[in-house]
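All remarks here apply to the structure that follows.
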Amino acid sequence: MWLKPEEVLLKNALKLWVLERSNQYFVLQRRRGYGEEGGGGLAGLLVGTLDAVLDSTSKVAPFRILHQTPDSQVYWSIACGASREEITEHWDWLEHNVMKTLSVFDSNEDITSFVQGKIRGLIAEEGKGSFVKEEDPEKFREGLMKFEKCFGLPEQEKLVTYYSCSYWKGRVPCQGWLYLSTNFLSFYSFLLGAEIKLIISWDEISKLEKTSNVILTESIHVCSHGEDHYFSMFLHINETFLLMEQLANYAVRRLFDKETFENDLVLHDPLQITKRGLESRAHSEQFSAFFRLPKEETLKEVHECFLWVPFSHFNIHGKMCISENYICFASQDGSLCSVIIPLREVVGVDKADPANRGVSISTKGKTAFRFTEVRDFEQLVAKLRIKCGATSSPQRIINTEVAASSDSDSPMDFDEGRSKMGQRDNSKTVSTEALMTVYHPQDAENLDSKMLKEKMKEQSWNILFVERGHGVSMFRTKKTRDLVVRGIPETLRGELWLLFSGAVNDMASNPGYYTELVEKSLGTCTLATDEIERDLRRSLPEHPAFQSDTGISALRRVLTAYAYRNPQIGYCQAMNILTSVLLLYAKEEEAFWLLVAVCERMLPDYFNRRIIGALVDQAVFEELIRVHLPQLTDHMTDMTFFSSVSLSWFLTLFISVLPIESAVNVVDCFFYDGIKAILQLGLTVLDYNIEKLLTCKDDAEAVTVLNRFFDSVTNKDSPLPPTVQQGSNLSNTKSDHPKVDITDLIRESNERYGDIRYEDVESMRCRNRLYVIQALEATTKQNVLRVVSQDVKFSPSDLEELYELFKKEHFLSCYWNVNSPVLQHHDASLPYLDQYRIDCQQFRVLCHLLSPWSHCANRDSLALWTFRLMDENSDCLINFKQFACVLDIMYNGSFTEKLKLLFKLHIPPAFTEVESLSPSKGDDLSKEELIHFSQLSG
């Protein structure tokens, strides 16, 4: 463990200690006689005797680390260990995190001072770590008092946690404390008389990432307003970074992204945020996203265990994750094997093989899942029985091999379940057949070569169902992915899309919801319904299903119902194209729930007004291009080309650029692997065309190359008739591009880029979300300044500074007021000028700070009258243009313009009879009076 630094005279200590390792600044020693054969001779025996007779409080640990500086006889003890493993861990930490740093100091005194400060910080952090588990409020109260004293923030600012670390000021590290609160990242250091204080609001951060370089092995890089800040030497850097990432994204969503945040009730109140709550939320989000569960699911328990895999006859190691309504399992390598068991399907929970701490879970389809080596398995069995209302299984001992092979749900049972789900008396309103079965029924008697291949695919899936189960609780393994890559058969596509996307769970949890929604939404007239009507006949217009009223009506019902369900999204272009394809293979209600899964879980924030989610994934795509295709990055002068050309790939899952018979194979992979499948395919497309792209002289030429490539993509095994296949229309035209089969393209994308991990993609999404939102904010700022600059005489730099002050004042009211009217009025979809507005009280603060009239006796009255004069629509809010224009008159206006302004302030609507206040009482106006007066109509 780390020790409070104390002086050690090495001259006398050499008789008791043996040198194990050393470098320029540190020495690792072993107690003489410890771990030596024969006890280390007479000296070792003497030392051992001395240690043995000492009481427990005086015993010396067998290993220690000392800090030394060149040309000094004084050493400092900084760590000790009871085992070689423990002390080696400390030694390695010093070598990786401290050694390279010490070379930047000029004097030995500075080195010793820094090392002592760092070790004290680590000791304090370890103590803090223990109090977090024990929920000891005293230690946190002490940290909170330091936080409040050092930074002077309002008492409403909630401290979440704090860490010992080093902040790099130039090439010199400063040891201190990093405080993470709901709205700010703060750092404080006071060493050798030098004080460093840093406060950065989360909403100003444009980059937050873990980095490493020659001096810093691992550090956290924060970029704000173009300034770079580096923090290093954390005891637990991953935990620290995760919390910083969560707080930054939370603040950005709350302040900038009102559309998606309004539905987030968990974090709606910043005063309720805690370190434990953030960690729990992060784990729950990862859990529900990985297993495609409803967003409301909260991870309750995690157990390391083994799952018996009957078709492979072995136990696989992994984690059992339990939420309110699901039991899930994923192997250590998540892609190897995973299982999802809805509690609604569980009929029995038993103790199986107590010697191996086994738990057996039986489902309605006569499938049993056997978990072994489960810690506290008896308590777990009792909890699960209560959760799902199940008792022990009717069949006491279950043969899992027979159970698995007998299947979870037969295909017939599953289809019956799907057709019954949500159907009521008004089922005639809703189509109960997938459009493909109506417009392209398969002829079982006349099978051509393509249909024979299709039947072989179906047979492969049926074999998989027999081995691994059929339905929501099927085993998902590498073989499942291999079959998906080959393309899902037409007859199974809708069913498997529903399973792999998790939409089957939403549908089962909400019986009758869709038909009710159709009844409520039909006949409504909104902006969304107008846009839907306009786009209905542009959705796969060449397909016969959408040349008839049947397909058009189904598409109208699904899109209108979704717009009614989620008015924040309503309707966005590209949703019609995606929904058209869903309706081809899924029944109408299933298509609706698939659309819900895509818009609200699998592609979050894609289909809102600013398509932030799509822009984030574009940034992730650019990052992956830099890593995997660096030669393309070097050739392109502007990386935004990739964003502009690939936006439609992401928004429509390649449906808008590939022939329909090929695009559905991409959708297969998307529902199984999520956005990872689209990123992999995008990289493969660029890789396929890299030689041609490197010779392109401009963006237009590159776009032509990619379009020709997409035209050449075919699906030679597609059973769709030639009249429907879009690629068949091009088969007879001459092209210099060889044909590429979609199955080969997808297989190659998995082989080349399959090592891109889901966790890495999610991390890149978080990192790039900050950058994307700040880029959108920069665009807003540029447009506002461009418009306002035409009407004022302020210099560009002064106007920009005014804008920053105006925006900061807007945010100050949002930081500590949950129900801030300004926050409620903020809407990024409004015109640029109206996105940020301030109320009367905020304007008063800015007037006191900026107005040349701020020193007069009745400055509050003047501020109120000025505000009311600018508030032309009487909504108690003004925008930046109005604010800048009135300040411009005060500072840059002519004498006549200033007189005119003063005259207007003393007549209605600015001035009213209720304000018969003497000038001397101007400063006595309370906040409540100001708000009352500001709401009076002129």
Side-chain angles (χ1 to χ4, degrees), residues 283 286-288 290-293 297 299-323 325-385 387-388 390 392-393 395-409 464-482 499-500 502 505 672 758:
H283 293 147
Q286 291 169 2
F287 163 72
S288 58
F290 182 83
F291 291 106
R292 308 281 167 73
L293 301 178
E297 289 299 309
L299 182 61
K300 299 295 185 184
E301 297 179 53
V302 178
H303 299 272
E304 278 204 33
C305 61
F306 289 86
L307 172 64
W308 173 249
V309 183
F311 49 87
S312 299
H313 302 287
F314 70 86
N315 285 305
I316 188 167
H317 182 236
K319 290 183 179 178
M320 179 199 296
C321 304
I322 302 172
S323 65
N325 300 297
Y326 297 89
I327 303 167
C328 302
F329 176 88
S331 58
Q332 289 293 71
D333 176 5
S335 62
L336 192 61
C337 179
S338 64
V339 170
I340 301 169
I341 309 170
L343 292 183
R344 64 178 182 270
E345 296 290 322
V346 175
V347 294
V349 182
D350 296 293
K351 286 181 270 188
D353 192 7
N356 290 318
R357 296 179 296 174
V359 176
S360 178
I361 299 173
S362 308
T363 62
K364 293 176 182 177
K366 299 180 182 178
T367 303
F369 298 91
R370 190 177 71 198
F371 301 90
T372 54
E373 301 301 327
V374 183
R375 183 180 295 178
D376 302 328
F377 74 105
E378 292 180 337
Q379 292 93 320
L380 180 62
V381 168
K383 284 181 192 174
L384 290 177
R385 284 180 179 174
K387 262 181 175 291
C388 52
S392 60
S393 305
Q395 212 175 335
R396 192 67 191 168
I397 299 174
I398 299 169
N399 184 330
T400 52
E401 292 191 42
V402 175
S405 61
S406 67
D407 196 351
S408 148
D409 294 300
L464 184 86
F465 293 149
V466 170
E467 286 183 353
R468 290 156 168 75
H470 185 213
V472 70
S473 298
M474 68 187 293
F475 282 86
R476 304 173 196 211
T477 63
K478 185 178 182 299
K479 187 174 180 181
T480 315
R481 175 182 275 105
D482 292 340
L499 283 177
F500 296 148
N505 296 314
Y672 192 83
Y758 160 80

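Worth knowing before you read on, the calculation uses all heavy atoms, side chains too, and leaves out hydrogens, waters and symmetry mates.
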Close side-chain approach of [X] and [Y], heavy atoms under 4.5 Å:
X    : Y    : answer
V359 : C305 : no
E304 : M320 : no
V346 : L384 : no
D350 : R385 : yes
R476 : I340 : yes
H303 : F377 : no
T477 : V309 : no
F475 : L307 : yes

State which residues pass side chain to side chain donor-acceptor pair (under 3.5 Å) with [X]; sequence neighbours excluded, sorted by chain then number.
X    : answer
D376 : none
Q286 : none
R357 : E373

Nearest 0.5 angstrom please: [X] [atom1] to [Y] [atom2], how far?
X    : Y    : atom1 : atom2 : result
S338 : M474 : OG    : CE    : 9.5 Å
D353 : F371 : CG    : CZ    : 14.5 Å
R468 : K479 : CZ    : NZ    : 5.0 Å
C388 : I327 : SG    : CD1   : 6.5 Å
N325 : K387 : CG    : NZ    : 7.0 Å

What closest approach, in Å, do [X] and [Y] show between heavy atoms, and which atom pair accounts for it?
X    : Y    : value
E297 : S323 : OE1-OG, 2.6 Å
P310 : W308 : CD-O, 3.3 Å
I341 : S473 : CA-OG, 3.8 Å

Go through the structure and list residues passing ring pair (Phe, Tyr, Trp, His ring centres under 6.0 Å) with [X], not counting sequence neighbours.
X    : result
Y326 : none
F287 : F291
H317 : F306

K383 and I322: CA distance, side-chain angles, deciding distance, side-chain contact (heavy atoms from CB on, under 4.5 Å) verdict: CA-CA 11 Å; K383 284 181 192 174; I322 302 172; over 6 Å; no
Look only at the side chain of T363 and the backbone of E345, and say whether a donor-acceptor pair between them is shorter than 3.5 Å.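 It does not hold such a pair.
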Ring-plane angle category for F500 and Y672, please: parallel below 30°, perpendicular beyond 60°, tilted otherwise.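 Answer is perpendicular, since the angle exceeds 60°.
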